[in-house]
Amino acid sequence: MSNILNFNPEQTVLVTGGAGFIGSNLVDKLLALGNKVVSFDSFNDFYDPKAKARNVQEHLKHPNFTLVRGDLRDEHALARAFAHGPFDVVVHLAAMAGVLPSLADPTLYMDINVTGAQKLLNQIAASSKTTRLIFGSSSSVYGARSGECFRETDAIDQPLSPYAASKVAGEAICYAYHHTTKMPVVCLRFFTVFGPRQRPDLAIRKFANLIDQGKSIDVYGDGTSKRDYTFVGDIVSGIISSMSYESPGFDVINLGRSEPVILKEMIATIEKAMGKKAKLVQKPVQMADMPYTYAAIDKARQVLGYKPETSFEAGVEQFVAWFLKNKEEIQSEIPLTSALEVIH
Ligand code: NAD
């Protein structure tokens with residue numbers, strides 16, 4: 001908690017995408033700090049919904065927690081969530097995530113990430129209370145770059161994938177609602193988040209699984225692409241700080257670690273943490289992939305008191321410990337039950 005600024009346990013918070021990777025880690029922390037939390041999630045099948053059911057298992061036991069299962073695009077479902085308000089803060093994390101899958105179904109990405117966000121903005125605008133929206137944006141908005149770190153003031157007019165374009169559009173629709181309704185909005189651009197409960201489609205989780213099973217890993221390009229991997233606990237601290245800092249009304253802030261790691265080094269770090277060697281197969285570069293990401297985090301440091309505390313190596317060790325501990329459970333089936341519809 002040392003790196004969380006102006007924390008306020010009195011705030012009632014709606015977390016959309018609360019059953020997902022980042023959302024469920026955020027809900028853990030908010031409940032531990034004493035906030036009332038409503039989690040809204042469709043438990044979609046982008047990856048196994050059972051993983052999401054496991055993510056919320058402990059939340060459901062907490063008296064300050066309410067789960068509403070529903071789709072962002074359904075106004076009635078959103079109204080069910082807002083009936084548990086009014087909210088001081090809405091943290092909007094529900095989305096179709098992932099760059100490459102967005103090439104296969106761009107319409108779905110636009111529908112959920114843009115139209116869904118706009119429906120949520122409508123609900124917030126109609127709320128009886130001034131509600132701060134925190135929009136989960138992405139480093140992908142910056143597109144292909146070379147040399148410099150990515151600053152919030154940089155142009156974001158050349159996204160490389162429908163996913164990235166949907167995040168640019170998401171930020172834009174947030175600004176339009178802020179402009180017309182004075183709704184306070186903070187867009188946080190997350191840089192490749194990793195840690196316990198990481199999505200199965202993301203590289204570190206995928207690679208750990210393949211190494212564990214003795215299967216080969218496809219390495220796209222020459223292994224020198226770079227990512228500014230950021231531990232989920234640091235992202236959660238940044239989100240919580242952005243819930244109550246003195247905001248100018250509309251703001252965009254990078255949350256990264258500002259220490260990019262090359263792909264070969266990332267694999268070596270996982271190998272070390274797992275005590276097992278990877279088998280690598282080189283593949284051509286994928287067009288929608290950014291060659292590198294690198295966050296300038298001076299603004300986050302200055303306005304949020306943000307200070308990433310977990311090194312890449314320590315974060316991978318925590319991730320691998322979680323992965324190995326839950327390996328059997330991750331692969332076993334937990335039936336989805338009506339318990340997921342339960343309010344509490
Ligand atoms: P995730 O897929 O684990 O979580 C997203 C959650 O949203 C899921 O639980 C899903 O069921 C839910 N959801 C999807 N569509 C919905 C809909 N129509 N209605 C209601 N719920 C819906 O992904 P994550 O990695 O936790 O990402 C959370 C947010 O952060 C996303 O907006 C993502 O774009 C953004 N982000 C993530 C990363 C990263 O590295 N993980 C990086 C940049 C930005």
Distance (rounded to the nearest 0.5 Å) between Ile124 CD1 and Leu14 CG:
7.5 Å
Would you say the side chain of Asp251 lies within less than 4.5 Å of the side chain of Lys299, judging by non-hydrogen atoms?
yes
Among the clusters formed by ILVMFWY side chains lying less than 4.5 Å apart, do Leu324 and Ile267 turn up in the same one?
yes
Just by distance, do the side chain of Ser166 and the backbone of Met110 share a donor-acceptor pair under 3.5 Å?
no
Taking 4.0 angstrom as the limit, do Lys119 and Asp74 come out as a salt bridge?
no
Fit a plane to each ring of His59 and Phe65, take the angle between them on a 0 to 90° scale, and name the class: parallel (under 30°), tilted (30 to 60°) or perpendicular (over 60°).
tilted
Distance (rounded to the nearest 0.5 Å) between Phe7 CZ and Glu10 CD:
9.0 Å
Would His84 and Lys36 count as a side-chain contact (heavy atoms from CB on, under 4.5 Å) here? Give the steps.
CA-CA 10 Å; His84 296 278; Lys36 279 202 177 118; over 6 Å; no
Would you kindly confirm whether Phe46 and Val99 end up in one hydrophobic cluster when ILVMFWY residues are joined by side chain heavy atoms under 4.5 Å apart?
yes
Distance-minimising heavy-atom pair for Pro200 and Lys206
O-CG, 3.7 Å
Quick one: pull up CD1 in Ile297 and CG in Leu255 and give me the separation to the nearest 0.5 Å.
8.5 Å
Determine, step by step, whether Glu309 and Asp234 satisfy the side-chain contact (heavy atoms from CB on, under 4.5 Å) criterion, reporting the C-alpha distance in whole Å, the side-chain angles of both residues, the deciding distance to 0.1 Å, and the verdict.
CA-CA 7 Å; Glu309 288 182 330; Asp234 288 320; 3.8 Å; yes
Stepwise salt bridge (charged side-chain N to carboxylate O under 4.0 Å, His left out) check, Asp212 with Lys327
CA-CA 10 Å; Asp212 184 57; Lys327 207 166 71 170; 3.3 Å; yes
Has Arg189 got its NZ or CZ under 6.0 Å from the middle of the six-membered ring of Tyr142, at an angle within 45 degrees of the ring axis?
yes
What's the separation between atom OG in Ser139 and atom CZ in Arg145, rounded to the nearest 0.5 Å?
11.0 Å
Spell out, as yes or no, whether a donor-acceptor pair under 3.5 Å connects the side chain of Glu271 to the backbone of Ala278.
yes
Is there a path of hydrophobic side-chain contacts, each under 4.5 Å between heavy atoms, that joins Leu202 and Leu93?
no
Is any side-chain heavy atom of Ile22 less than 4.5 Å from a side-chain heavy atom of Ile239?
yes
What one should report as the nearest heavy-atom pair of Cys187 and Glu171 is SG-CG, 3.9 Å
side-chain contact (heavy atoms from CB on, under 4.5 Å) between Leu72 and Leu78, intermediate numbers included:
CA-CA 6 Å; Leu72 272 179; Leu78 279 177; 4.2 Å; yes
Side-chain contact, heavy-atom cut-off 4.5 Å: Ile240 with Leu26?
yes
So, do Met96 and Asn44 sit near enough that their side-chain heavy atoms are less than 4.5 Å apart?
yes
Tell me whether the centres of the aromatic rings in Phe231 and Phe319 are closer together than 6.0 Å.
no
Taking the side chain as C-beta and beyond, is there a heavy-atom pair between Leu263 and Phe207 under 4.5 Å?
yes
For Lys276, does the NZ atom have more than 12 heavy-atom neighbours from other residues, nucleotides or ligands under 6.0 Å away?
yes
Is there a donor-acceptor pair closer than 3.5 Å between any side-chain N or O of Asn64 and the backbone N or O of Leu31?
no
Check the angle between the aromatic planes of Phe135 and His92 and answer parallel, tilted or perpendicular using the 30° and 60° thresholds.
tilted
Do Val114 and Ile134 share a hydrophobic cluster, counting only Ile, Leu, Val, Met, Phe, Trp and Tyr and linking them when any side-chain heavy atoms are less than 4.5 Å apart?
no
Asp228 backbone acceptor or donor facing Thr230 side chain under 3.5 Å
yes
Does a side-chain heavy-atom distance below 4.5 Å link Leu280 with Gln282?
no
Flag, side chain of Ser24 to backbone of Val56, donor-acceptor distance under 3.5 Å:
no
Any donor-acceptor pair under 3.5 Å from Glu152 side chain to Asn254 backbone:
yes
Would you please say whether a donor-acceptor pair under 3.5 Å links the side chains of Lys215 and Asn209?
no
side-chain contact (heavy atoms from CB on, under 4.5 Å) between Phe323 and Ile270, worked out:
CA-CA 11 Å; Phe323 174 81; Ile270 304 173; over 6 Å; no
NZ/Lys182: more than 12 non-hydrogen atoms of other groups inside 6.0 Å:
yes
So NZ of Lys129 and OG1 of Thr12: to nearest 0.5 Å the spacing works out to 6.0 Å
Nearest non-hydrogen partners of Gly20 and Asp41, listed with the distance:
N-OD2, 3.7 Å
Would you say the side chain of Met243 lies within less than 4.5 Å of the side chain of Leu30, judging by non-hydrogen atoms?
yes
Just jot down the side chain to side chain contact (heavy atoms under 4.5 Å, CB included) partners of Lys279, sequence neighbours excluded, or say none.
Ser216
For Asn25 against Arg197, the heavy-atom pair lying closest together:
N-NH1, 3.6 Å
Verify same cluster id: Val232, Leu33 (apolar side-chain graph, 4.5 Å):
yes
Would you say the side-chain atoms of His178 pair up with the backbone N or O of Met183, donor to acceptor, closer than 3.5 Å?
yes
Evaluate the side-chain proximity of Cys174 to Leu133: yes if any heavy-atom separation is below 4.5 Å, no if none is.
yes
Indicate the atoms forming the closest heavy-atom contact of Phe21 with Val193, along with that distance.
CE2-O, 3.5 Å
Assess the side chains of Asn122 and Tyr177: does a donor N or O sit below 3.5 Å from an acceptor N or O?
yes
Calculate, to the nearest 0.5 Å, the distance between atoms OG and CD1 belonging to Ser42 and Ile112 respectively.
6.5 Å
Looking only at heavy atoms, which two atoms of Ala208 and Met274 are closest? And how far apart?
O-CE, 3.4 Å
Would you say Asp48's side chain and Lys50's backbone share a donor-acceptor pair under 3.5 angstrom?
yes
Do the rings of Phe82 and Phe87 sit parallel, tilted or perpendicular, given the 30° and 60° boundaries?
perpendicular
Hey, is the main chain of Asp45 close enough, under 3.5 Å, to the side chain of Lys52 for a donor-acceptor pair?
no
Please determine which of Tyr292, Phe190, Phe312, Tyr294 meets the ring-ring contact (aromatic ring centres under 6.0 Å, His included) test together with Tyr229.
Phe312
Donor-acceptor contact below 3.5 Å, side chain Tyr109 vs main chain Ala97:
yes
